[in-house]
Trainee: 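Before anything else, here's the structure in question.
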Amino acid sequence: MGGGTLPGTAATASDAESDRVVFHVDMDCFYASCERLRRPELADEPVVVGMGYEAGGTIGAVATASYEARAFGVESAMPISAALELLPRRADADPDDPDAPDPAETGRYLPVDLEFYKDVASEVKAVIRDCADTRREVSIDEAYLDVTDRTSWAVAGGGECGSDPEITDAETADPETTDAETADPETTDPPPSTAAGPADVRTLAEGYARHVKSRIEREAGVPASVGVAPNMSAAKVASDADKPDGLVVVPPGTVADFLAPLPTADVHGVGPVTERTLAEMGIETAGDLAAADPDRLAEELGDRGRALSRRARGDDERAVTPTGLPKSLSRESSLPATDDDETKRDTVSALAADVARRARERGCLYRTIGIKAVEPPFEVNTRARSLPGPVDDPDLVEAVALDLLDEFDGVRVRKLGVRVSKLDFAEGDQATLSGFDAAEQTDGEESGPSETRAATGGDGSKLTDWVGAEPTIEEDDTDDGTPGDRPRRSEEGQASLGDWE
DNA sequence: TCTGGGGTCCTAGGACCC
DNA sequence: TCTGGGGTCCTAGGACCC
């Protein structure tokens, strides 16, 4: 990075010439960290947080395992029953029972408490919003920050190219920042640089990342790992490279070298299937991937092949953009495999009601209703039907879902799901501030003309006649039908994260 | 160890239209 | 009157991510 880049000259340069500064902030075993926050006695214990898990039970899957638990082989997505074999429950450690597990080799098992984690996440987000104007909050525990305008790749301490006073200020002027990262680098014996480049070069970007990271820990009380790079995919890999509590910096020009030795599976977008395909082509590392002929990759993987090849070379021009509004809403749930149609219909009815309720809470209409039916062992079937126009109609969701389910009469299923898609956030009536408490009005009046009458029209002919029977829906739904509380699109074009809070 | 639940994006084939 | 091409929408499935 010699002497920085003149404005305008870098715009079209690919990969390493981009001088953007992108952070990927990734909370360490977030759910477990949240549990520790409110139960400090769990601090150094193996902690397993299970979804679908109830205290004392054996069903469910591992949502998050603390690093202490991972040392026993417990991994995300593993069935709780399997985790228990590797790491028995602490409660089962009975000192009087010679057959009981050694307490030192047991762990704490807790059910997911998403509401609490969201509270913690909102504190993390408050820090992130304070530290970056441009950001993408990807999930409850993960975000990308473009902080190009707050820091730079200049070398810290007024080195060769780090002479921009504004930038130095940005890093150090925060009055709240009292710890080492603001102090004079000369006197505080800075932590060794984790830059992938020349190890003795600390950039301002690294200092700012340290600042963000320590603010999160201080203000939200949970640890984070941060990856720093000139683009999103490299930052993502960097944040993973030294977990937990990691800070890995990959300066411009070093991205390809940083990625090269990593297995292909570490490249964002390479899952088990692609990994296998690549291995069959003799491609084992990101370096191999970068060196492979893009045309050959495209033959095997389609357009994705080319994109992965670019990523592996450190070339990722995607801008950090806020998360948009959701494209679909769904609920699904597993059940003991059954072919009992009554059970299946009850399940689908409940899922449909829940999906419809959430859609209404978010003030969104939907035009497609679908189901998912998973046959053992893992055969996924989906069916969907589109309506002539967007609606907000719980009864219709149920009716259509049940109708689609008919195809699976007598079929054994182990999981069922209901989804609405082709969402329409009906942005027309911002004026409806009165609909503020719409989430509460789920009973009684239907809050608007978007309620389609087709399926509930009073005759027994359920939905045989709704397709094409209600071309009037379209006119109707535009004037109302949005409860108006959720789509907070004004915040930044699109709600930065309409999801929670 | 038979795999939880919530999403996104992409592809392919068919229907339909001009 | 067996034959063109392009575009769009829809459905189903697959891969991936957290």
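Labels below follow one simple rule: chain letters A, B, ... track the order of the sequence lines, proteins then strands, and each chain is numbered from 1.
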Trainee: As a test of reading the structure: which of B/dT8, C/dC9, C/dA12 is closest to the side chain of A/Pro326, going by heavy atoms?
Mentor: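 That would be B/dT8.
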
Trainee: Could you please name the option among B/dG5, B/dT11, B/dT1 that lies closest to any side-chain atom of A/Asp303?
Mentor: B/dT11

Trainee: Counting only non-hydrogen atoms, which of residues 272-285 of chain A are less than 4.0 Å from DNA chain C?
Mentor: A/Pro272, A/Val273, A/Thr274

Trainee: Among B/dT3, C/dA15, B/dG6, which nucleotide sits nearest the side chain of A/Arg358?
Mentor: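 Between B/dT3, C/dA15, B/dG6, the one nearest the side chain of A/Arg358 would be B/dG6.
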
Trainee: Considering only heavy atoms, which members of residues 47-67 of chain A lie under 4.0 Å from some atom of DNA chain B?
Mentor: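 A/Met51, A/Ala61 - these, ordered by number, are the residues of the stretch whose heavy atoms sit under 4.0 Å from the strand.
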
Trainee: Looking only at heavy atoms, which two atoms of A/Val48 and A/Ile80 are closest? And how far apart?
Mentor: CG1-CD1, 4.3 Å

Trainee: Could you work out which one of C/dC18, C/dG13, B/dT8 sits closest to the side chain of A/Lys236?
Mentor: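 Nearest to the side chain of A/Lys236 among the choices is C/dC18.
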
Trainee: Identify which nucleotide among B/dG7, B/dT3, B/dG5 has an atom closest to any side-chain atom of A/Arg414, counting heavy atoms from C-beta outward.
Mentor: B/dT3

Trainee: Can you list every pair that meets ring-ring contact (aromatic ring centres under 6.0 Å, His included) and has a residue in residues 111-134 of chain A, with sequence neighbours left out?
Mentor: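 Output for this query lists A/Tyr31-A/Tyr117.
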
Trainee: With the side chain of A/Arg304 defined as its heavy atoms from C-beta on, choose the nearest nucleotide among C/dT11, B/dG4, C/dA15.
Mentor: C/dA15

Trainee: Send over the distance from A/Arg331 CZ to B/dG7 P, rounded to a whole Å.
Mentor: 10 Å

Trainee: Looking at C/dC18, C/dC10, B/dT3, which one has an atom nearest to any side-chain atom of A/Pro79?
Mentor: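 The closest nucleotide is B/dT3.
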
